[in-house]
Number of protein chains: 2
Amino acid sequence: MKIATWNVNSIRSRLSIVIDWLKQNPVDVLCLQETKVIDSDFPREPFEEIGYSLAISGQKSYNGVAIASRTPLTDIKIGFSSILNRQLATELDEQKRVISGQLGAVRIVNLYVPNGAALDSDKYEYKLRWLATLRDYLAHFVKEKNTELCVCGDFNIALDDRDIYNPKGKEKHIMSSPMEREALENVLALGLKDAFRKFNSETGYFSWWDYRQGGFSRNRGWRIDHHYLTPKLYEKAVACTIDIEPRKLEKPSDHTPVIVEW
Amino acid sequence: MKIATWNVNSIRSRLSIVIDWLKQNPVDVLCLQETKVIDSDFPREPFEEIGYSLAISGQKSYNGVAIASRTPLTDIKIGFSSILNRQLATELDEQKRVISGQLGAVRIVNLYVPNGAALDSDKYEYKLRWLATLRDYLAHFVKEKNTELCVCGDFNIALDDRDIYNPKGKEKHIMSSPMEREALENVLALGLKDAFRKFNSETGYFSWWDYRQGGFSRNRGWRIDHHYLTPKLYEKAVACTIDIEPRKLEKPSDHTPVIVEW
DNA sequence: GTCGAAGGAG
DNA sequence: CTCCTTCGAC
């Protein structure tokens with residue numbers, strides 16, 4: 001089983017790159033973030049033509065998540081409020097950042113974590129609130145018997161300094177500040193582990209490079225796209241790799257796909 | 001000698017289409033309109049790499065003309081005010097629509113005639129004023145001894161009804177209204193003749209098709225891109241053809257090149 | 001840098 | 001329909 005995650009920065013702008021990649025890399029599941037399109041405009045057919053089913057939750061201009069899978073996922077759940085019965089969940093669901101579905105005994109959770117803009121901004125507080133809510137959302141699934149979790153997506157957080165090309169002074173930087181790292185660690189304390197680090201403990205492996213000032217050609221990257229697995233699935237995992245090829249193409253996304261296999 | 005004219009609707013958006021076309025069709029001169037780029041941003045190198053010299057007069061967003069030639073043109077003149085010493089010429093030159101240069105005994109004049117928007121608009125009056133000024137500008141060259149003229153470009157006028165896919169009711173339409181046709185005829189009365197009509201008197205030959213509602217696939221076109229020649233050159237002309245192939249490509253200009261040969 | 005939006009031009 | 005602009009987002 002191969003599960004990929006890819007922030008595509010507009011599925012309409014990236015359609016041919018994504019479809020070409022899927023043809024070359026026929027993963028079982030592809031989790032997409034930043035689709036930037038309302039559901040009625042999502043380009044479903046190109047995916048369906050190559051044998052993928054879709055579960056989508058889109059939003060005009062911003063955000064938007066989707067899961068393409070060879071086997072249709074069951075029990076699709078969209079947003080925090082599909083699980084959490086509280087006002088905050090409904091408010092956070094105005095931004096389309098959460099979709100999940102069941103694949104046999106595994107629940108695939110696809111997330112687009114808020115970026116946070118800057119440490120002193122309202123958006124940073126939103127990110128922290130969102131991560132606290134994510135914990136409660138995931139706790140629901142962790143409690144379920146006979147269910148393993150694969151929580152993947154664009155986390156907009158580098159868990160530790162190995163995940164940044166140059167970590168110096170990055171504690172004041174969005175994506176690596178202590179509070180957001182702690183908020184993510186609180187989520188992982190539910191019993192989730194970073195699949196990539198099962199296989200590789202070195203620095204220098206990144207999944208996102210800023211479009212600006214030659215971030216990619218200078219390998220100024222961050223590893224912010226992750227797969228977090230519950231213990232049994234983590235044990236089963238046999239590989240977790242980053243495919244940087246799509247980032248080399250013309251008009252790429254700023255992120256590149258990451259694939260876990262079990 | 002082959003002289004082509006092509007409204008490219010942004011040279012930056014059309015660069016590869018234009019360069020590919022020039023490689024396949026190594027005309028002596030290519031007159032471009034609607035380059036939509038200031039001179040410092042004009043993509044000179046791709047033209048120079050394939051053996052063309054450039055004379056350009058650009059404007060951000062709108063208008064802009066350029067001449068690419070295998071032999072560098074001499075005595076480049078930009079705008080009406082290069083010839084006409086009057087306030088109106090200077091005002092009209094705020095829009096970059098006129099460039100000309102000498103190729104041996106022939107002056108190549110490259111024009112992007114104003115569109116005119118609608119018959120009751122200020123822009124229509126501007127178009128008429130511009131054409132009246134064009135007459136005086138060209139009169140200067142017509143008077144010159146030993147100079148023939150090739151006046152080409154996007155005229156935004158269909159000279160007669162054969163030049164429109166469906167001329168019914170088009171007297172109230174921009175590009176075919178009586179006043180603008182008369183304004184153009186007044187220019188041609190200097191002694192200029194439409195090279196295309198030396199070789200073909202039929203309808204159904206067009207150089208522009210609206211991007212909207214499948215104008216090209218339904219062949220709802222207009223012949224508004226012309227070469228006008230002084231008598232000796234008109235006699236020498238051996239062909240004038242429209243190459244519709246570039247209009248069939250992905251992301252084409254709405255115009256396609258027209259080539260005169262002598 | 002590249003995306004989408006909205007608005008104007010053709 | 002496709003272009004360009006300005007704008008905010010990331």
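Letters A, B, ... are given to chains in the order of the sequence lines, protein chains preceding strands, and every chain is numbered from 1.
With rounding to the nearest 0.5 angstrom, the CD1 atom of B:Ile224 is 10.0 Å from the CD1 atom of B:Ile164.
Distance CG (A:Asp154) to P (D:dC10): 11 Å, rounded to an integer number of Å. The CE-P distance, from A:Met175 to D:dC10, rounds to 12 Å in whole Å. Remark: P of D:dT5 and CG of B:Asn63 are 13 Å apart, rounded to the nearest angstrom. We find that OH of A:Tyr62 is positioned 14 Å from P of D:dC7, with the value rounded to whole Å.
Mapping heavy-atom proximity under 4.0 Å, the span of DNA chain C touched by chain A runs 5' to 3' from C:dG1 to C:dA6.
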Output one line per pair: protein atom, nucleotide atom from nucleotides 1-3 of chain D, and distance, for all N/O pairs under 3.5 Å.
{"from": "D:dC1", "atom 1": "OP1", "to": "B:Gln213", "atom 2": "N", "distance (Å)": "3.2"}
{"from": "D:dC1", "atom 1": "O4'", "to": "B:Tyr211", "atom 2": "O", "distance (Å)": "3.2"}
{"from": "D:dC3", "atom 1": "OP1", "to": "B:Arg14", "atom 2": "NH1", "distance (Å)": "3.3"}
{"from": "D:dC3", "atom 1": "OP2", "to": "B:Lys251", "atom 2": "NZ", "distance (Å)": "3.4"}

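Between A:Asp163 and A:Lys170, no side-chain nitrogen of the basic residue sits less than 4.0 Å from a carboxylate oxygen of the acidic one, so the salt-bridge criterion is not met. A salt bridge links A:Arg223 and A:Asp194; the closest N-O separation between the charged side-chain nitrogens and carboxylate oxygens is under 4.0 Å.
The side-chain contact (heavy atoms from CB on, under 4.5 Å) search around B:Ala89 returns B:Phe80, B:Ser81, B:Leu84, B:Arg86, not counting sequence neighbours.
A side chain to side chain donor-acceptor pair (under 3.5 Å) with B:Gln33 is found for exactly one of B:Asn9, B:Asn63, B:Thr5, B:Asp154, namely B:Thr5.
Taking the six-membered ring where the residue is Trp, B:Trp222 and B:His173 present tilted rings, their angle falling between 30° and 60°. A perpendicular orientation is assigned to the rings of A:Tyr165 and A:Phe206, their planes being inclined by more than 60° (bins at 30° and 60°). Using cut-offs of 30° and 60° on the angle between ring planes, the pair A:Tyr205 and A:Phe196 is tilted.
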